[in-house]
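First comes the structure, then the notes that go with it.
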2 protein chains.
Amino acid sequence: MIRVLIADDHGIVRSGLTMLIERQADMTVAAEAQDGLEAVERALSERPDVAVLDVSMPRMTGLQAARQIRSHDQATHVLMLSMHEDDGYFFEALEAGASGYVSKRGADSDLIDAIRTVANGRTFLSSRTQGALMRQWLEDGHTGPRDDLTPRELEVVKLIAEAYTNRQIAEALTLSEKTVESHRGNVLAKLGMRDRVELVRYAIRRGLVEP
Amino acid sequence: MIRVLIADDHGIVRSGLTMLIERQADMTVAAEAQDGLEAVERALSERPDVAVLDVSMPRMTGLQAARQIRSHDQATHVLMLSMHEDDGYFFEALEAGASGYVSKRGADSDLIDAIRTVANGRTFLSSRTQGALMRQWLEDGHTGPRDDLTPRELEVVKLIAEAYTNRQIAEALTLSEKTVESHRGNVLAKLGMRDRVELVRYAIRRGLVEP
DNA sequence: CTTCATATGAGCATTGTCGCCCATCGCCGC
DNA sequence: GCGGCGATGGGCGACAATGCTCATATGAAG
């Protein structure tokens, strides 16, 4: 019996998913959550085989929740549910430890197949595009490291996205303002961005901070 | 028997809604559609009692579809389904001829109640907030403020969150940079914020832009 | 041992942002 | 018609952010 955790902030969607899963002979819904934080709590207490997480949820995104769950419990496999198949969260989801990525646009059978696949410890991709992307991602040696950014740079980006000024970041990290500017400048160059506004969007996409 | 049309671009959501409705003794799903245009076609051919339309769909939004359906067939009542209860589409939905507005965040029983309510030609509101808004809307003769922000200010905020500089916004809107700064300044004051970084987060929270 | 990445920091010039005050115009409600 | 608000803009000053170049120390990788 595959025990599944459902996390989605839309009650109606949750009901639909639950009915879908309960209709399968080999699956049962172990818990439901209506936001990311609750998803992490329920995942750690219920220890389901599969956690189905919506990408976008209040309090904590699906990406952040996936990181939390995977870092505490490798036995729970994460299946990410997204609105659009072409959104930018695909790679981030894999880096956050997700074993599968399914679009809500897909058929319900896709979701069921995906749950069975990731429950067995394998990886599920919902579209051909993503299959190609995945192969490229693996070939590029992205198997271990998760970032272009160094830990220090990540810290700075996080604070920038929290609306800290360079000076405030310098104080918070006990650095010179100049050093903060260096890190920020290096990050902008690495990501091909122009200003902190783009960085904020990046940080939110990556689930580094909450909107 | 209440005959229902389901229109949503997310297959998994469609399945959930269909199961939910088919489980009711007095309802049946007469048709499904995966975008707005198809929703109009199916509504006009099947003439369901209730058309449940997602606000955001490809090819034609739920709002446009509602207008089309209502202008051709007053017998079909439209129930609008939205992602967030606080999005700006509430008033527009009513103006487009919707008889009800339900958030996907609500419980499944809300949706079922809403379908029965609008099938009887009455109006359904899914949340207390919307009840209050509705009363105000009726009292004000639908001059309802959906935000603290004026339309112009919303435009500017949107562009700020898209990483436009003041100068670029001025060009895009054919304005002076000074005017853009005025709008931005007024918005910052209204929302009690300090800089554009906070505005970006606000805009993303509000769903004005994608991260 | 040398090379490379990371972290740290400076100087200087340019551009962007923000706060504050002000003015005009048009529209709407009383 | 008066008063308020929204949209439009100007001016000025202070501060923040960005670009560019450069320098140093450290530790890991070769």
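Here is the naming used below: chain letters follow the sequence lines, and residue numbers restart at 1 for every chain.
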Between [X] and [Y], is there a side-chain N and carboxylate O pair less than 4.0 Å apart?
X	Y	value
R152(B)	E155(B)	yes
D8(B)	K104(A)	no
E181(A)	K178(A)	yes

Nucleotide nearest [X] when distance is taken to its side chain, options [options]:
X	options	answer
K178(A)	dC12(C), dC12(D), dT18(D)	dC12(C)
P151(A)	dA7(C), dG16(C), dC12(D)	dA7(C)
T150(B)	dG9(D), dA17(D), dA7(D)	dA7(D)

Quick one: is [N] close enough that its OP1 or OP2 comes under 4.0 Å of any side-chain N or O from [X]?
X	N	answer
R194(B)	dG19(C)	no
N166(A)	dA17(D)	yes
T179(A)	dG9(C)	yes
S182(A)	dA7(C)	no

With heavy atoms under 4.0 Å as the rule, sort [X] into base, sugar-phosphate or nothing.
X	answer
S176(B)	sugar-phosphate
N186(B)	nothing
R167(A)	sugar-phosphate
T165(A)	sugar-phosphate
R184(B)	base

Requested in this report: On DNA chain D, check which nucleotide each of E181(B) and L188(A) is closest to and give me the residue with the more 5' one.
Outcome: E181(B)
Query raised in the report: Which residue, E177(A) or L175(B), contacts DNA chain D at a nucleotide closer to its 5' end, judged by nearest heavy atom?
Result: L175(B)
Requested in this report: Mark yes or no for whether R3(A), through its side chain, and E46(A), through its backbone, hold a donor-acceptor pair below 3.5 Å.
Outcome: yes
Query raised in the report: Is the backbone N or O of T76(B) less than 3.5 Å from a side-chain atom of R70(B), with the two atoms forming a donor-acceptor pair by type?
Result: yes
